[in-house]
Every structure is written in structure tokens, then in C-alpha cells.
Amino acid sequence: SCSQVLPLLKNRSADVRKVAALALSLVGDRAAAMPLAILLHDSDPMVAQVAEHALWSVWFRLGKPQAVQLVKCGNMHMHHGNNECAIEKFTQAIQEDAGFAEAYNQRAIALYLSERFAEAIEDCQRALVLMPQHFGAMAGKGHSHAHLAQWREARQAYRLALAIHPGLEGIEQSLAQIEQLLAENPTL
């Protein structure tokens, strides 16, 4: 069970921490989110990578069963470029379970892909209220702010995303570009 595996995340052995994170990707519940987020800072990059995978797995199943199915359906639509249908399914998932952070995050992604950046920021924020360690929602918030040329807000979101997940791919580069832009144009 999740409660049996959680203590193993603090084991001295990187292999034990890795296997524990992998097990939590299968049985983890809401209680696993913060301990897995802490593992994103692990000195062993493979442990951090498995913890990231486990967090995504946990986040996707934390909703009521009907809401989880609606998110899966929305993801299929989004995968095929049907963003409006995806947004509709994610909205239905949120109506089914307003506490399902991943439904907000997935709708934020579909809104972002539809260039509805202000709405995407709102959904990222809703996801973060429900799941403060959601590095994906924080990065998405940064991307949306960047598309709106809200450079200081984007910088802040990217910094917070990296504080949650230091190894988050691509964010350091985006942050560096914004830092350079703001250094060259302090009035932005």
C-alpha cells in the first residue's frame, strides 16, 4: 500500500528510493505527492526521474473515477488536435470533481494550445491551489505569461517551477532567455 511504501523514499540506498517511487506510481495516493516532490531534488538523477513519472501517474488518478475517464477522453482529443473537444471533456471532469487538480492542468494545456493564455493561467493557478507541488502547472503558467509578454510573471513562475523540480526540462533555458531580455530591457 501507499503507506507501506512511503517510508522507503527516505532510504539511504538510491535503488530502494527508485523502486519505492516506481511502486508509488502504481499505488500512490494524495499522501504520496509531497514525498515524491521532495524526491525531485534527489542527488541521484534516476531517482528524481522516477519520482517525476510517479507524480504524473498519481496526479492523473486522484480524481473521482468518472472525472478520470473524462480526462483520459480529453487527452485523446488533445492528442489528435481537437482542443475544443478536449476543453469540453476537461470542463466536464471539473464539474464532476472540482478537486481534481489534473483536470485543471490538462484544460490549461488545451487552452494554451488554443492560444487562450489568460484562461490557461487561471486553470494553472487552480491546479496549484489544489496541488501546490504541481511543477507542470507552474511551468505552464510561466509559458502562458511568456506568450502574453508578461515577462516578470513568467520569470517568477519559471523560478517556482525549478524550485519544485530542479531538473525540469527546458525551463532553465526559458528562464535564462527571460533574464537576459529583462537585463537588456529593464522597463519591460
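In what follows, residues are counted from 1 in the order of the sequence shown.
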Donor-acceptor contact below 3.5 Å, side chain Asp97 vs main chain Gly63: no
ILVMFWY cluster, Ile171 and Leu182 together (side-chain gap under 4.5 Å): yes
Closest non-hydrogen atom pair between Ala110 and Ala86, with its separation: CB-CB, 4.3 Å
Closest contact, heavy atoms only, Ala137 versus Asn105: CA-OD1, 3.3 Å
Distance-minimising heavy-atom pair for Pro166 and Glu172: O-OE2, 3.7 Å
Separation between OG of Ser114 and CG of Asn83, rounded to the nearest 0.5 Å: 4.0 Å
Residues His145 and Glu153: side-chain donor-acceptor under 3.5 angstrom: no
Atom pair CG (Leu39) and NZ (Lys10), whose distance is rounded to the nearest 0.5 Å: 10.0 Å
Flag if over 12 foreign heavy atoms under 6.0 Å of CD, Gln49: no
Within the 6.0 Å centroid threshold, strictly below: His143 and Phe117: no
Gln4 and Ser1: side chain donor to acceptor below 3.5 Å: yes
Closest non-hydrogen atom pair between Ala21 and Val50, with its separation: CB-CG1, 3.6 Å
Pair Arg159 + Glu179: basic N to acidic O under 4.0 Å: yes
Approximate separation, where rounding is to 0.5 Å, of Arg126 CZ and Ile94 CD1: 7.5 Å
Inter-residue atom distance Asp123.CG - Leu128.CG, 0.5 Å rounding: 11.0 Å
Distance-minimising heavy-atom pair for Ile178 and Ala154: CD1-CB, 3.6 Å
Joint hydrophobic cluster, Tyr158 plus Leu148, side-chain heavy atoms closer than 4.5 Å: yes
Hphob cluster co-occupancy, Ile87 + Ile109, side-chain heavy atoms under 4.5 angstrom: no
Pairwise side-chain contact, Leu36 with Glu52, heavy-atom cut-off 4.5 Å (strictly under): no
Exercise: identify the closest heavy-atom pair between Met138 and Ala157: CG-O, 3.2 Å
CD on Gln66 to CD on Gln92, rounded to 0.5 Å: 8.5 Å
Donor-acceptor contact present, side-chain Asn185 to main-chain Thr187, <3.5 Å: no
Name of the residue among His134, Gln156, Gln125 meeting side-chain hydrogen bond (donor to acceptor under 3.5 Å, both in side chains) with Lys141: Gln125
Test item: Asn82 side-chain N/O and Met78 main-chain N/O as donor-acceptor pair under 3.5 Å: no
Gap separating the CE atom of Met131 from the CG atom of Leu62, nearest 0.5 angstrom: 5.0 Å
His147/Tyr112 aromatic ring centres below 6.0 Å: yes
Connected via hydrophobic side-chain network under 4.5 Å: Val5 and Val19: no
N/O donor-acceptor pair under 3.5 Å between Arg107 side chain and Glu102 backbone: no
Heavy-atom donor-acceptor pair, His79 side chain to Gly74 backbone, under 3.5 Å: no
Flag, side chain of His165 to backbone of Ala161, donor-acceptor distance under 3.5 Å: no
Side-chain donor-acceptor contact under 3.5 Å, Gln180 with Glu184: yes
Trp56-Phe135 aromatic ring centre distance below 6.0 Å: yes
Sequence neighbours excluded - ring-ring contact (aromatic ring centres under 6.0 Å, His included) pairs with any residue from residues 87-109: none
Phe60 reachable from Leu130 in the ILVMFWY side-chain graph, under 4.5 Å edges: no
Sidechain-backbone polar pair: Arg30 side chain, Val58 backbone, donor-acceptor under 3.5 Å: no
Val68 vs Lys72 side-chain heavy atoms within contact, under 4.5 Å: yes
Lys/Arg N to Asp/Glu carboxylate O, Arg116 vs Glu84, below 4.0 Å: yes
Leu24 and Leu6, any side-chain heavy atoms less than 4.5 Å apart: yes
Sidechain N-carboxylate O distance under 4.0 Å for Asp42, Arg17: yes
